[in-house]
Structures are given as C-alpha cells and as structure tokens.
> 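I have a structure I would like to understand better, so I am pasting it below and will then ask my questions one at a time.
Keep in mind that the numbers below use all heavy atoms, side chains included, and drop hydrogens, waters and symmetry copies. A, B, ... follow the sequence lines: proteins, then strands. Residue 1 opens every chain.
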Amino acid sequence: MSGGCSIVWFRRDLRVEDNPALAAGVRAGQVIAVFVWAPEEEGHYYPGRVSRWWLKQSLSVLDSSLKNLGTSLITKRSTDSVSSLLQVIKSTGANQLFFNHLYDPISLVRDHRTKEVLTNNGIAVRSFNADLLYEPWEVLDGDLSKCPSETIILEDESEKGSNALLARAWSPGWKNADKALAAFMNGPLLEYSKNRRKADSATTSFLSPHLHFGELSVRKVFHILRMKQVLWANEGNTAGEESVNLFLKSIGLREYSRYMSFNHPYSHERPLLGHLKFFPWVVDEGYFKAWRQGRTGYPLVDAGMRELWATGWLHDRIRVVVSSFFVKVLQLPWRWGMKYFWDTLLDADLESDALGWQYISGTLPDGREFDRIDNPQFEGYKFDPNGEYVRRWLPELSRLPTEWIHHPWDAPEYVLQAAGVELGSNYPLPIVKIDAAKSRLQEALTQMWQNEAASRAIIENGLEEGLGDSSEADGAPIAFPQDMEMEMDENTLRAAPTTTTIRHYEDQMVPSMTTSLIIRGDEESSSSEVGNFAEDSRIEVPINQMARTGNMQPQVDANATTGLPDSYHLQAESSNTSRASSRERDGGVVPVICNLNARSWKVEDNFGFLFSGPSLI
DNA sequence: GAAGCATTGCG
DNA sequence: GCAATGCTT
C-alpha cells in the first residue's frame with residue numbers, strides 16, 4: 001500500500017464489486033468509506049419513506065461488506081455534503097477523494113461544487129463512470145479511529161410498522177441484488193417477453209431499486225444479458241431472444257434517462273416541448289386526491305394506486321396506465337404525479353421518472369401524441385383480463401363478474417347489488433368520463449395553441465412577457481399542493497358531475513414557487529364528487545395477497561398501511577437548487593456519456609419501461 | 001345484407 | 001399511420 005489515505009464517497013453506488021471509485025481508492029492505499037446523508041440538499045425531492053427504508057438496509061449490507069474487508073462505512077448526517085467531506089478529510093488526513101458519477105440535476109451541481117471546493121483545499125478529486133467492470137479485490141486498511149460515524153436517521157418511529165412489512169418482500173443490499181439478478185436471469189427472463197403484458201404476473205425483474213441505489217453494476221447486467229442473448233440465439237430460442245432484446249431496451253432507456261437529465265437538467269420540471277408550457281392544466285386537488293387514494297372510479301387505475309400506496313411498488317405497465325390517466329383524463333399537472341411517484345415508490349428515480357412522465361405527457365419530441373387518451377377499461381381487459389389484479393386491490397369490487405369488473409358503471413343494477421357494489425357509495429362513479437375527457441382535451445389543446453400564439457405576438461411586439469392572468473408567465477410553475485386536507489361531506493355522495501373546470505395557464509415547469517395558484521379543493525364542485533367516500537372509510541388492504549415471485553412472499557398488513565394518502569402533503573419547493581443546475585452542469589463534473597444520443601434510444605421503441613428504467617420490476 | 005364510410009384502438 | 005370495428009344507406 002502506498003500513497004496516502006483516500007476517501008471513497010459512496011452515494012448511489014452501494015456495492016463493493018464493480019465499483020470504480022472504490023477500486024481507485026484501493027489502488028491508492030488506505031480507504032475511508034463515507035456516506036453523507038444530506039437530504040436537505042435534494043430540495044423537495046427528499047426521499048420518501050420506502051426509499052429511505054431501502055437505503056437504510058442497503059447501507060447496512062455495505063457496511064458489513066466493508067467490515068469484512070477491514071474497514072467500515074462512516075456515515076455523516078449533514079445539511080452540506082461538501083463541508084462534511086472536508087470534516088472527514090481533516091480528521092483522517094486523507095488527501096484524495098473518489099466517487100462515482102450521478103446525473104440528476106441536483107447531483108450535477110453538488111458534485112461540481114465538491115470538486116471545486118476540495119481541489120481548492122489541496123485534495124485530489126477523481127470521479128468515475130461506474131458502468132465499468134472492476135474487480136477491486138484487495139484487503140482494505142482504513143484507520144477510522146479519528147473519524148467517528150454519526151447516526152443517520154432514515155426511519156422514524158411512526159414509520160417502523162409500515163417498513164417492517166417491506167422486509168418481507170424485499171432484500172436490499174448489493175449481495176442480495178446479486179442474488180436477485182442471478183435469479184431473474186436464470187428464471188423469469190426467458191418468459192419476460194411473453195408475460196410482459198400482464199399487470200399481475202411476477203415475471204418482471206424486480207431489480208429497479210437495486211439499480212437505483214447502485215447495488216448492481218449496470219455493466220454487469222448488460223454482460224449477462226449479452227451472454228444469454230448469444231446462447232439463446234445459438235439455440236434458436238426466439239422467445240428468449242425476444243425477451244433479452246426487450247430487457248436490453250429497458251436498460252437503454254435507463255441510460256437515455258441519464259442522458260436526458262444531463263443534457264436537459266430541467267427535464268424533471270419543464271416540458272421539453274415548448275408549447276406544452278401553455279397547456280391549461282387542471283389544478284384540482286380533489287382530482288389529485290382521488291387519484292392518490294385509488295378512488296377515480298376506474299378499477300385498473302384505482303387498483304394500481306392502492307398497490308402503490310400499500311407496497312411502494314407498481315408494475316411498469318400499471319405505472320403507464322395511472323400516469324397516463326393522470327395527465328390525459330384528469331389533466332393534472334404531471335409534476336404533481338411525478339412528485340407523488342417520487343414520494344411513494346421504492347425505486348423512485350428522478351431521471352427515469354422524469355423521462356417516464358415526460359413521455360406519457362407527450363412533452364417529449366419523440367413521445368406519443370398529446371391528444372391520445374388511453375381508456376382504462378380496455379387497458380384493464382388487456383393487462384388484467386380476468387380481473388384478478390383489480391379484485392386483489394379493490395376488495396369492494398371482488399364479487400363483481402369479470403364481464404363488468406373494468407367498467408362497473410355499465411353493469412346492470414341487479415349485478416351490482418349481487419356483488420355488493422353501490423356506485424357512488426362504496427365505490428365511486430368515474431370521476432371524469434372518457435368522452436368528456438376527450439372533448440376537454442381538445443378544448444385544452446386549442447387553448448394551448450391560442451396561448452402560445454398570443455405569447456409569441458406579445459414577444460414579437462417587444463412587450464414584456466405576460467399572459468392573461470399570469471403575471472409570471474416566465475417563472476410561475478403550478479405549485480405543488482401544500483396541504484391535502486380537505487373537507488369531505490358524506491352527504492354529497494352522488495354529486496352532480498363536474499360542469500366547470502378551473503384551469504390555470506401558467507407554465508407549471510419553470511422553477512420558482514408560488515402558492516397563490518392553489519385552489520382549495522372545497523371550492524370546486526368536482527371535489528364533492530371526489531368525496532364519494534367518507535373520509536374515514538379507509539380501504540382495507542388485502543392481506544397476504546401481494547403478488548410476488550418465488551420464495552419472497554410479501555405480506556401486507558392492513559394496520560401497517562394506515563389508510564390511504566388522504567393527508568399526503570406535497571411540500572412547496574423552497575429551494576432553487578435546480579435553478580443553478582443548467583448553468584453549472586457543464587462545469588466538468590461529469591463527462592458526457594459516450595456513445596449515447598437520443599436517437600439511439602428512441603423512447604417510442606421502449607414503451608413499457610419508462611419508469612425506473614430497467615426497472616420493469 | 002353488402003359496400004362504403006367513419007371511428008377507434010394501438011404501436 | 002394502419003387495421004379492425006362499427007355505422008349508414
């Protein structure tokens with residue numbers, strides 16, 4: 001061992017194999033492994049409960065692996081990563097820092113600053129692309145006595161009950177990731193293509209959280225896939241080949257999401273198609289709440305939303321269904337939906353989710369048409385032909401015959417009665433009818449083009465920007481709802497369908513916050529329709545029924561999922577972290593990803609793997 | 001009841 | 001943009 005002592009800064013590369021930064025540290029001599037928990041730096045993308053739970057487990061596995069190698073993981077609680085790193089450097093006398101690249105807008109800025117500050121402090125900083133194969137097998141030798149770990153709290157008391165259930169379904173940590181990878185590659189991958197249409201099949205990889213936290217090297221995944229590809233091609237196994245290709249595409253999509261995030265650091269908050277900023281999104285917290293709670297009246301959507309809330313996980317197909325419904329039928333601002341995914345998904349991944357929501361929203365140049373509406377009824381019979389998925393997550397519909405399970409509003413009264421379904425009472429009528437959504441969408445698009453033309457005219461006339469009631473057309477996004485508490489009156493069941501829709505014309509995307517746009521849900525007629533349920537009629541999540549594969553039998557306890565997210569809060573953005581990202585992103589922190597361009601990963605080709613990339617889960 | 005036309009689903 | 005389905009006369 002020569003040289004000095006180096007810091008290896010772990011972030012979302014929580015593995016010891018195939019880890020270039022760690023390998024470099026080992027080569028350089030003594031290694032001090034550090035993880036800094038500084039969630040405040042993430043602005044309003046503070047990791048959600050299930051995501052933090054995963055992190056906690058994963059760090060613990062990493063720590064024990066490092067201990068086996070003769071060192072351990074030092075954790076620091078901080079509001080400023082850079083000063084924490086400096087502190088560790090001072091107390092250990094390290095003179096080098098190694099880390100692997102991240103590509104989300106916040107990391108790009110932070111890592112750039114880290115490099116700058118530490119370099120100015122005489123520290124050699126090197127960063128790496130972690131998509132390379134390394135075998136860093138040497139014994140580490142870190143003197144940690146001068147640098148105590150701090151306890152970082154990733155789980156508070158109130159979360160323990162719910163989190164306990166996660167452990168029955170998932171095994172975080174790089175060693176487990178490796179096992180999961182092998183299990184998938186040797187098993188479900190073969191039938192992956194065949195089964196991908198089923199919402200409820202357990203044939204997805206379930207690798208997305210492992211990949212998000214860097215417990216797996218994507219490079220390794222890629223190599224295994226290629227080996228399978230060659231093997232099955234030689235055997236003439238077309239089904240297997242098709243599956244591999246499909247999976248490779250999803251890996252590609254993940255790469256593409258990093259590419260997009262790096263080159264368009266605003267893509268998590270602004271549409272890539274300029275005219276979409278003139279789209280009159282429906283700012284209706286009642287709709288938003290109904291969607292979150294799985295009370296839209298469309299069984300497939302509702303089943304998905306309840307699964308998400310109860311388990312932190314959703315099949316990719318269903319992610320597409322619920323997000324498409326969110327944007328096209330409810331016409332809610334897609335950033336709200338994205339934020340909710342961020343808060344609730346176990347594999348929440350800013351880059352992948354931004355790509356997914358942008359694609360679904362039709363705000364990508366190569367996305368799907370904006371005026372296309374997917375019909376959850378048809379999608380229901382496609383992805384859940386026997387209604388098993390719906391019955392699992394919507395107990396109130398469990399006795400409904402398959403014929404009506406995806407469109408109970410059409411069912412004859414006697415059928416509903418026999419099934420114990422009372423529409424508008426124990427299950428809502430459709431919150432928005434598809435036909436109404438279609439015409440509303442057309443109107444909105446017309447409006448959008450008018451707004452754009454008006455805006456252009458104003459700019460051409462040399463006037464300062466200003467659009468209708470939007471005095472901040474340049475910088476006013478639609479704020480995240482701050483408070484979801486809404487009065488819901490049981491007596492307003494079967495309220496008249498919404499006849500008016502309140503819209504806001506501001507660009508929801510440009511960073512900077514305002515709360516003045518928020519509409520109280522109870523000011524809207526629609527909210528009463530949403531309130532088809534009494535507030536306390538919490539959905540009972542079915543027990544022991546979560547579909548998962550093989551020996552992992554996740555169980556869901558109704559007590560642990562204390563009701564649906566009716567009091568869910570989206571905090572208004574307070575930081576303007578992302579504002580800086582576009583200016584600083586080219587500061588040399590992260591190299592441009594080689595051999596990647598948007599065309600080679602055309603989104604259309606990858607439909608179905610949008611969220612969390614190779615997550616397909 | 002066949003042919004021509006329009007609408008809708010879908011990648 | 002195409003194919004399938006439904007609707008009209």
> Under 3.5 Å between N/O atoms: give me all the protein pairs with nucleotides 7-9 of chain B, atom names plus distance.
from   : atom 1 : to        : atom 2 : distance (Å)
dG9(B) : OP2    : Lys438(A) : NZ     : 3.3

> Applying side chain to side chain contact (heavy atoms under 4.5 Å, CB included), name anything that partners Ile434(A), two or more places apart in sequence or on another chain.
Tyr298(A), Val329(A), Ile373(A), Asn375(A), Pro376(A), Lys438(A)
> Would a line drawn from the ring center of Phe383(A) to the ring center of Tyr389(A) be shorter than 6.0 Å?
no
> Do Phe341(A) and Phe326(A) have their ring centres less than 6.0 Å from each other?
no
> Output all residues satisfying side chain to side chain contact (heavy atoms under 4.5 Å, CB included) with Arg456(A), sequence neighbours left out; order by chain, then residue number.
Glu452(A), Glu460(A)
> Using the ring of Phe262(A) (Phe, Tyr or Trp, six-membered ring only), decide whether Arg258(A) places NZ or CZ under 6.0 Å from its centre and within 45 degrees of its axis.
no
